[in-house]
Trainee: 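This structure is in structure tokens; I'll ask about it shortly.
Here is the naming used below: chain letters follow the sequence lines, and residue numbers restart at 1 for every chain.
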Number of protein chains: 2
Amino acid sequence: MRRDVFQAIADPTRRGIILLIAFQAMTPNAIAEHFDTSRQAVSKHLRILTECELVKQEQSGREIYYQLNETKMKEIDRWLEQFKKIWESRFNELDNVLLTMKKKKK
Amino acid sequence: MRRDVFQAIADPTRRGIILLIAFQAMTPNAIAEHFDTSRQAVSKHLRILTECELVKQEQSGREIYYQLNETKMKEIDRWLEQFKKIWESRFNELDNVLLTMKKKKK
DNA sequence: TATTTATGAAACTGTTTGGTTGCAAATATA
DNA sequence: TATATTTGCAACCAAACAGTTTCATAAATA
């Protein structure tokens, strides 16, 4: 069973859940109302999101409020950062090439 | 068959391929050498990455060079942007709360 | 206390996934 | 031209996935 952030956000319903609770913590029932699927299916998604620590639970009586764990979301951002760095350095290389060409022109 | 960027980056081998070719375009054989899997499996991953436009092909004789499509990578970044905005506005709210508290103190 | 409500979990099902093996097509090379 | 190399693709398989139905548990409420 693969269970990491990237596998978690692969499912469109889970991305929907993430976006929904990003605004405010919600209970499974309230979340399920926003999707065209059963409460149990949402519950399973929440379990997956919990397992990879993308969401946190907060019990209040018999209700459980799920909220987004921003720290874990930043993991995705960090992964993207790598590429930004690669692209930046590539642009710098391009700059150098252009600079060399300019020099040769002189 | 779901085929979007998020589904594409869900697989760890595909994330590896993406990172690998981010530095420089490579052929399937060369890519496969970096992973503990068959050339055909890599070929399948490349097909998926191509279908969701995360990579571009460039034929050179019988060799095909695969390179990353940066534009599509930015789609992931845009998705993350939403959350950054939500969090920022939440921090601003927090600022307001703190500001109000300060005023009350006076 | 009996009933309703909120939730998670187990069992089952059809579909998707990631991998393998084998083959065909096209290009390079002897 | 015959052979080797590079590649994609189809068929097949076991595992994982997303969903459903059903049930158990715990808290709220009548």
Trainee: So, the side chain of N69(A) versus the backbone of K56(A): is there a donor-acceptor pair under 3.5 Å, distance only?
Mentor: no
Trainee: Is there a side-chain polar atom (N or O) of S38(A) under 4.0 Å from OP1 or OP2 of dA18(D)?
Mentor: no
Trainee: Quick check on dC17(D): is either OP1 or OP2 less than 4.0 Å from any side-chain nitrogen or oxygen of R3(A)?
Mentor: yes
Trainee: In this structure, how many angstroms lie between the P atom of dT17(C) and the CD atom of E51(B), rounded?
Mentor: 10 Å
Trainee: Consider the side chain of R14(B), meaning its heavy atoms from C-beta on, and name the nucleotide among dG18(C), dG19(D), dG8(C) that approaches it most closely.
Mentor: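 When the side chain of R14(B) is considered, dG18(C) is the closest of dG18(C), dG19(D), dG8(C).
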Trainee: If only side-chain N and O atoms of S60(A) are considered, is one of them under 4.0 Å from the OP1 or OP2 phosphate oxygen of dA6(C)?
Mentor: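 For dA6(C), OP1/OP2 do not have a side-chain N/O of S60(A) under 4.0 Å.
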Trainee: Atom CD of E58(A) and atom C1' of dT7(C): how far apart are they, to the nearest Å?
Mentor: 16 Å
Trainee: Over how many whole Å does the gap from Q57(A) atom CD to dG8(C) atom C1' extend?
Mentor: 10 Å
Trainee: So with a 6.0 Å cut-off around CD of E58(A), is the heavy-atom count from everything else above 12?
Mentor: no
Trainee: Nearest to the A41(B) side chain among dC9(D), dT20(C), dC17(D), which nucleotide is it?
Mentor: dT20(C)
Trainee: Which nucleotide, dT7(D), dG8(C), dT7(C), lies nearest any side-chain atom of Y66(A)?
Mentor: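 Nearest to the side-chain atoms of Y66(A), counting from C-beta on, is dG8(C).
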Trainee: In this structure, how many angstroms lie between the P atom of dT21(C) and the CZ atom of R39(B), rounded?
Mentor: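 Taking atom P of dT21(C) as the reference, CZ of R39(B) is at 12 Å.
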Trainee: Nearest whole Å is fine: how far is dA11(D) P from R47(B) CZ?
Mentor: 12 Å
Trainee: Which residue, Q59(B) or H45(B), contacts DNA chain C at a nucleotide closer to its 5' end, judged by nearest heavy atom?
Mentor: H45(B)
Trainee: Using whole Å, report how far CG of L49(B) lies from C1' of dG8(D).
Mentor: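 For the pair L49(B) CG and dG8(D) C1', the rounded distance is 15 Å.
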Trainee: In terms of side-chain heavy atoms of Q40(B), which of dG19(C), dG22(C), dA28(D) is nearest?
Mentor: dG22(C)
Trainee: Within the structure shown, what part of the strands sits under 4.0 Å from I48(A) by heavy-atom distance: base, sugar-phosphate, or nothing?
Mentor: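 It contacts sugar-phosphate atoms only.
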Trainee: Just by modelled atom types, is the A8(A) backbone N or O under 3.5 Å from a matching donor or acceptor in the R14(A) side chain?
Mentor: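 Answer holds: yes.
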Trainee: Could you tell me the separation between the CD atom of E33(A) and the C1' atom of dA6(C), rounded to a whole number of Å?
Mentor: 12 Å
Trainee: Nearest to the side chain of Q7(B), heavy atoms from C-beta on, is which of dA9(C), dT7(C), dG18(C)?
Mentor: dG18(C)
Trainee: Starting at atom CG of D36(B), determine the distance to atom C1' of dG18(C), rounded to an integer number of angstrom.
Mentor: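 Nearest whole value for this atom pair: 14 Å.
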Trainee: Tell me whether the rings of W87(B) and F83(B) are parallel (<30°), tilted (30 to 60°) or perpendicular (>60°).
Mentor: tilted
Trainee: What I want to check is whether an N or O donor and acceptor connect the side chain of K44(A) with the base of dG19(D) at under 3.5 Å.
Mentor: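 In this structure, the two groups form a donor-acceptor pair.
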Trainee: At less than 4.0 Å, is any side-chain N or O atom of S43(B) found next to OP1 or OP2 of dT7(D)? Yes or no.
Mentor: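 No.
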Trainee: With a non-hydrogen cut-off below 4.0 angstrom, is Y65(B) in contact with a base, only sugar-phosphate, or nothing?
Mentor: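 Nothing: the residue Y65(B), judged by heavy atoms under 4.0 Å, touches no strand.
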Trainee: Whether the side chain of R62(A) and the base of dT5(C) hold a donor-acceptor pair under 3.5 Å is what I'd like checked.
Mentor: yes
Trainee: Any carboxylate oxygen within less than 4.0 angstrom of a Lys/Arg side-chain nitrogen, looking at R15(A) and D4(B)?
Mentor: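 Salt bridge: yes.
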Trainee: Between dT17(C), dT7(D), dA28(C), which nucleotide has the shortest distance from any of its atoms to the side chain of E63(B)?
Mentor: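 Closest of the options to the side chain of E63(B): dT7(D).
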Trainee: Determine, for K85(B) against E81(B), whether the closest basic-nitrogen to carboxylate-oxygen distance falls under 4.0 angstrom.
Mentor: no
Trainee: Which nucleotide wins on minimum distance to the side chain of N29(A), given the candidates dA6(C), dA18(D), dT7(D)?
Mentor: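 Taking heavy atoms from C-beta onward, the closest nucleotide is dA6(C).
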